[in-house]
Asker: 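Below: one structure in structure tokens.
Every chain is numbered from 1, with letters handed out A, B, ... down the list of sequences. Since this is a predicted model, take the numbers as computed values, not measurements.
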2 protein chains.
Amino acid sequence: MGETAITIRAKTAPGATRKGVETRNRIIKGAREALEEGGMEALTTRRIAASADVKLATLHYYFESKESLLLAVLEDLIADMEEAYRQDVALPKAPEDRVEALIRASWRYIQRTRGKQIAQQELTLYALRTKGSEWLAARQYNAYIDFYGHLVFEDDRDEDLRRIGRAVARQMLIGIDGIILQSYALQDLSTSNDDIEALITAMRGYLRRLMVERDKGR
Amino acid sequence: MGETAITIRAKTAPGATRKGVETRNRIIKGAREALEEGGMEALTTRRIAASADVKLATLHYYFESKESLLLAVLEDLIADMEEAYRQDVALPKAPEDRVEALIRASWRYIQRTRGKQIAQQELTLYALRTKGSEWLAARQYNAYIDFYGHLVFEDDRDEDLRRIGRAVARQMLIGIDGIILQSYALQDLSTSNDDIEALITAMRGYLRRLMVERDKGR
DNA sequence: GTCTATAAAATGATAGAC
DNA sequence: GTCTATCATTTTATAGAC
């Protein structure tokens, strides 16, 4: 057998240059906004291109398919969350009060970002539907669990506290996801407010219970 | 002015005859199955027609648009729920035990009907996105709240009990919707089971608290 | 009421100039 | 890297025979 020359391809991949990265991000942002605005059903590549102020062919230069673009949008959402996690959030000292403050902050956010919240749920369902992309939905949730989990305790270097923080975070997320749908559907603010108070009470109780169990086990 | 002859149109509307109703229902069922199977993104009128074993033109004879068909599917889902409500469900006597049994039954159902649950959430989001159809999402939730609410107390003729049953039902629904997404995303059964136990404890506590408050107020 | 055939528009994607 | 122009399908929807 003769020798085989291996050629290293020097061709820059789409999005490698500075301007390339910029355009790629603009397309993702455009997709996000178009999705928040009109929902999944109306989300066409043409609309995305228009929203990103880019020609249709340019969109396809950066993303080989609509599917890969949508998954990139979800990844971008996750990155945003991880970014937000790095920022310090002003919270009370006592863990239970922190949980309460977190839920109240989330609730305020939910009330003024309807399109964004629905878009996020649509994308999550899309990932769950897209074969081979379920891991993305998992990553999204894990990012949220990390985020909320770290905020439960001011100092969670202790392994037990980390575990408890994550358990509480999962329950908070369950409650928040559930209330997003229900509050937008029922459109009854006073009822939703009651539900938020109930959620807060439940989460305080859950945290307290986990702490008691932990203290017993020492 | 002369007299105006008013002609009563005798033309039967689509779906008025016996066979018509049958076909219409078959189309709705076909749409439901196609949706559960492949998700919103892949849900085209052609696929629906094929799934219902009907020609494309027939579909359009019964539904003036894809949108009206999808909304009919959601209405059908609601009707199913109201039908299920009429059936008696075997439940324990004590309200708290009933709540626990309801959550466990829901959880078992969720685990074996992934496609159906995702389809339902996709449709709810679709209704929330479709201008003028938000009321459908509200009706869907109210049907569920009625359903769960009536099951909390064996006898809820008392107005306080009905109110409490509905409050608990709303919280249960929030938890169940939240856990649908999270359990499918995380794909971690032991974690989801923990979350279900936590939800049960929380709901028992909530019900107990509401009952105590009510007793104080007499 | 259901079908075949087809219209009319929209969609995801590519070729190739600049 | 971005554009214009265009392709190849696919999609929703309708006309009209049976």
Asker: Can you tell me if the side-chain N/O atoms of B:Tyr62 get under 4.0 Å from OP1 or OP2 in C:dT2?
Answerer: yes
Asker: Pairing donors with acceptors under 3.5 angstrom, does anything connect the side chains of A:Tyr141 and A:Asp177?
Answerer: yes
Asker: Establish, for the pair B:Arg114 and B:Tyr184, whether the NZ or CZ atom is under 6.0 angstrom from the six-membered ring centre and no further than 45 degrees off its axis.
Answerer: yes
Asker: Does the pair A:Arg162/A:Asp156 count as a salt bridge with the N-to-O cut at 4.0 Å?
Answerer: no
Asker: Please work out if A:Lys66 contacts a base, only the sugar-phosphate, or nothing of the nucleic acid, heavy-atom cut-off 4.0 Å.
Answerer: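 Touches sugar-phosphate only.
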Asker: Can you tell which of C:dT6, C:dC3, D:dC3 lies closest to the side chain of B:Arg46?
Answerer: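 Side chain of B:Arg46 sits closest to C:dT6.
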Asker: Below the 4.0 Å mark, does C:dT2 have OP1 or OP2 next to a side-chain nitrogen or oxygen of B:Tyr61?
Answerer: no
Asker: Heavy atom of residues 27-41 of chain A under 4.0 Å from DNA chain D: which residues?
Answerer: none
Asker: We want to know whether B:Gln140 and B:Gln120 form a side-chain donor-acceptor pair, criterion being a heavy-atom distance below 3.5 angstrom.
Answerer: yes
Asker: Does a donor on one side chain sit under 3.5 Å from an acceptor on the other, for A:Gln117 and A:Thr113?
Answerer: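 A donor-acceptor contact under 3.5 Å links the two side chains.
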Asker: Using atom NZ of B:Lys55 as one end and atom P of C:dT6 as the other, report the distance to the nearest whole Å.
Answerer: 15 Å
Asker: How close or far is atom P of C:dT6 from atom NE2 of B:His60, stated in whole angstroms?
Answerer: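 That distance rounds to 18 Å.
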